[in-house]
2 protein chains.
Amino acid sequence: MNKKPNLKDVAKVAGVSAITVSRVLSNPDKVSEKLRAKVEQAVHEIGYIRNHAASALASRRSGVIAVIIPSLSNIVFNDVLQGIYSAVKQHHLQVVLGDCHYSPLEEEKLIATLLSQSPEGFILTGTDQTDYARKLLKQSGIPIVQLMELSDCPIDMNIGFSHFNAGVDITNHLLQKGYRKLGFLGARMDTRTQQRLAGFKKAIADFKQPCQSYVVTTTQSSSIRLGGQLLQAVMAESQGQCDAVFCCNDDLALGALFETKRMNLKVPSDIAICGFNDLEASALVEPAITSVASPRFEMGQQAVELLMTASGEDKTHKPPIDIGYRIVERAST
Amino acid sequence: MNKKPNLKDVAKVAGVSAITVSRVLSNPDKVSEKLRAKVEQAVHEIGYIRNHAASALASRRSGVIAVIIPSLSNIVFNDVLQGIYSAVKQHHLQVVLGDCHYSPLEEEKLIATLLSQSPEGFILTGTDQTDYARKLLKQSGIPIVQLMELSDCPIDMNIGFSHFNAGVDITNHLLQKGYRKLGFLGARMDTRTQQRLAGFKKAIADFKQPCQSYVVTTTQSSSIRLGGQLLQAVMAESQGQCDAVFCCNDDLALGALFETKRMNLKVPSDIAICGFNDLEASALVEPAITSVASPRFEMGQQAVELLMTASGEDKTHKPPIDIGYRIVERAST
DNA sequence: AGATAAAATGATAGCGCAACCATTTTGACT
DNA sequence: AGTCAAAATGGTTGCGCTATCATTTTATCT
């Protein structure tokens with residue numbers, strides 16, 4: 001195998017200088033049509049592909065943005081990722097992606113690794129970064145977006161919605177429907193889940209009439225199967241009294257719903273179920289599950305746009321962007 | 001903001017030469033403990049992060065592998081991705097990921113873009129690449145793995161399983177259970193779905209007793225909702241005769257199952273349902289859905305291992321690796 | 001036609017790092 | 001102590017590209 005062709009090889013074939021080839025690739029309109037055609041022909045002919053490392057080194061532009069999500073297996077971040085990829089395509093950027101498995105320490109290591117790619121922007125999930133990670137990020141001088149939640153003191157930019165408020169609202173929804181023995185089913189218990197739980201507790205504390213609450217949580221990762229187990233657990237803890245459950249996500253809610261069939265409980269008359277994230281399945285099961293919808297795809301897109309419009313040197317405080325959420329009432333409540 | 005620190009800055013602080021710092025970062029055991037400690041201290045102190053572009057250019061090793069999947073939203077590829085990421089971590093590599101939306105042309109462009117990163121390996125899905133894409137890939141001289149299906153003429157390495165055989169097997173399963181009016185519900189109709197359909201047709205053609213088949217397909221992308229629509233369609237086409245459906249994936253199967261409840265059909269007595277991919281939900285709905293399981297996570301892992309053990313220059317023909325599948329029989333059939 | 005501006009093209013240098021080879025230091029042995 | 005090998009460290013160079021500036025060609029005007 002011959003060595004990979006480089007700029008000079010193309011230049012030789014096209015009969016121009018190397019720098020002209022470079023321009024055809026990055027600033028086609030700075031080159032006359034005649035030369036451009038010759039060069040493009042030569043590029044295609046010898047299958048030349050620009051060496052990104054050399055280009056990035058010389059131009060100080062990597063054409064890369066870094067993204068860290070807490071979990072590849074959670075469909076919620078997948079939606080955000082799709083938004084990111086769709087926006088990135090417009091800007092001719094590449095994404096380098098890391099999965100930190102919900103661990104700030106792993107995230108810190110990933111941040112250091114990904115920063116070595118000299119990304120032109122950084123997208124993070126949540127607000128839970130270590131101090132050293134924050135130091136590295138700030139020192140890098142690149143624009144940064146924190147996703148999903150709203151933060152009082154974002155590193156740079158921030159877009160998300162209030163999981164606390166959403167927790168309050170959906171709990172109030174259950175209370176308004178007349179349920180008084182509310183269960184909370186929580187898995188993983190990352191910060192966003194904790195905020196939802198805090199909202200749940202707040203709504204109950206503020207409610208003017210007597211009501212009961214049962215909180216069942218685990219740090220296991222969420223799954224449909226686990227939803228069934230947690231429903232069992234909350235029924236046990238409440239001695240069968242529990243008449244509504246707020247599941248911290250739709251996976252648990254689906255599992256809980258499937259479990260009600262096995263336990264011969266009627267939804268929503270014996271027990272109401274609501275979830276979070278509004279997955280497709282939630283709208284299509286019988287009965288359909290009440291959930292909290294949020295524009296995740298758009299959040300991902302907007303995060304990229306924020307990065308691209310940020311000057312990088314702009315150190316002014318940027319207010320968090322609240323992208324909102326929506327309670328979707330369905331038959332399960 | 002001061003300029004980003006480089007090797008020399010670290011060297012100055014640590015009182016050593018630049019090359020020693022470089023060694024501490026890439027070959028720690030080539031450096032005495034004393035100097036190493038000094039250097040590591042200096043690195044941490046000034047928050048030094050190696051410039052990947054310069055490193056890649058000088059060493060001709062990018063530490064990157066390229067991956068292209070047909071869809072980010074399909075959970076199936078997500079599982080493979082997780083396997084890839086888990087393996088990649090061991091090898092201290094980065095992944096650059098592209099989503100080609102099931103389009104060979106988009107894939108060709110992505111391949112060109114990703115090759116510019118000088119990846120040390122390339123993972124592709126399927127065998128449907130354009131000629132120019134194949135030329136670029138071969139010319140690059142890097143090891144390549146094609147995933148998911150088995151190919152007679154892989155570009156380099158290949159790991160997957162036979163979707164045709166799986167289609168035959170699951171159709172025979174339905175026939176053995178006594179169903180004789182079989183429907184096939186297909187969405188997207190990518191090559192793997194087509195192979196499953198071919199298997200379905202083959203099994204029916206080979207069956208010794210009289211039986212009917214109804215094929216309903218669409219190029220729309222798959223979803224749970226679509227599964228319900230396709231079930232309606234196949235029942236219409238068969239004038240209510242259809243007594244079993246093979247859905248080309250579990251999303252459709254779930255949608256079909258949910259639709260049977262609305263249509264007051266009993267599963268599996270009125271109609272049997274089977275899917276493909278064995279998603280978590282399929283095992284937990286009532287009745288649980290028969291499906292085809294395959295080790296997707298492991299396939300992703302193995303793909304990376306194959307890349308890492310490949311010498312790159314080894315042009316010998318490597319036989320495809322059949323990673324197998326398993327029919328999981330459940331109550332829906 | 002001549003003067004001037006504008007566009008197109010080229011030559012040179014350097015981005016930050018690691019390969020390569022040269023030099024120094026250390027340790028092991030007689 | 002003296003010899004030699006091995007380990008540790010450093011200096012120089014070049015990876016392939018683009019920024020910058022210099023030069024040439026073309027277009028536009030009086």
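All of these numbers come straight from a predicted model, not from anything done at the bench. Below, read A as the first sequence line, B as the second, and so on, with proteins coming before strands; counting in each chain starts at 1.
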Side-chain donor-acceptor pair under 3.5 Å between B:E305 and B:H91, yes or no? yes
Are B:T20 and B:S17 close enough that a side-chain donor and a side-chain acceptor fall under 3.5 Å? yes
Give, ordered by number, those residues of residues 30-39 of chain B having at least one heavy-atom distance below 4.0 Å to an atom of DNA chain C; if nothing qualifies, reply none. none
Out of curiosity, B:L7 CG to B:Y48 OH, how far, rounded to the nearest 0.5 Å? 3.5 Å
Side-chain donor-acceptor pair under 3.5 Å between A:E107 and A:T130, yes or no? no
Hey, does the side chain of A:T20 come within less than 4.0 Å of C:dG10's phosphate (OP1/OP2), counting only N and O? yes
Roughly, in whole Å, what's the span from CG in B:L115 to P in D:dG16? 16 Å
Is the count of non-hydrogen atoms from other residues, nucleotides or ligands lying under 6.0 Å from A:N27 atom CG greater than 12? yes
Is the number of heavy atoms from other residues, nucleotides or ligands under 6.0 Å of A:D131 CG greater than 12? no
Answer yes or no: is there a side-chain heavy-atom contact under 4.5 Å between A:L72 and A:F77? no
Step-by-step side chain to side chain donor-acceptor pair (under 3.5 Å) determination, B:E149 to B:T191: CA-CA 9 Å; B:E149 1 175 350; B:T191 53; 3.0 Å; yes
One character per nucleotide, please: for nucleotides 16-28 of chain C, 5' to 3', B when the base has a protein heavy atom closer than 4.0 Å, S when only the sugar-phosphate does, - otherwise. BBSB---------
To the nearest angstrom, the NZ-P distance between A:K12 and C:dG10 comes to 15 Å
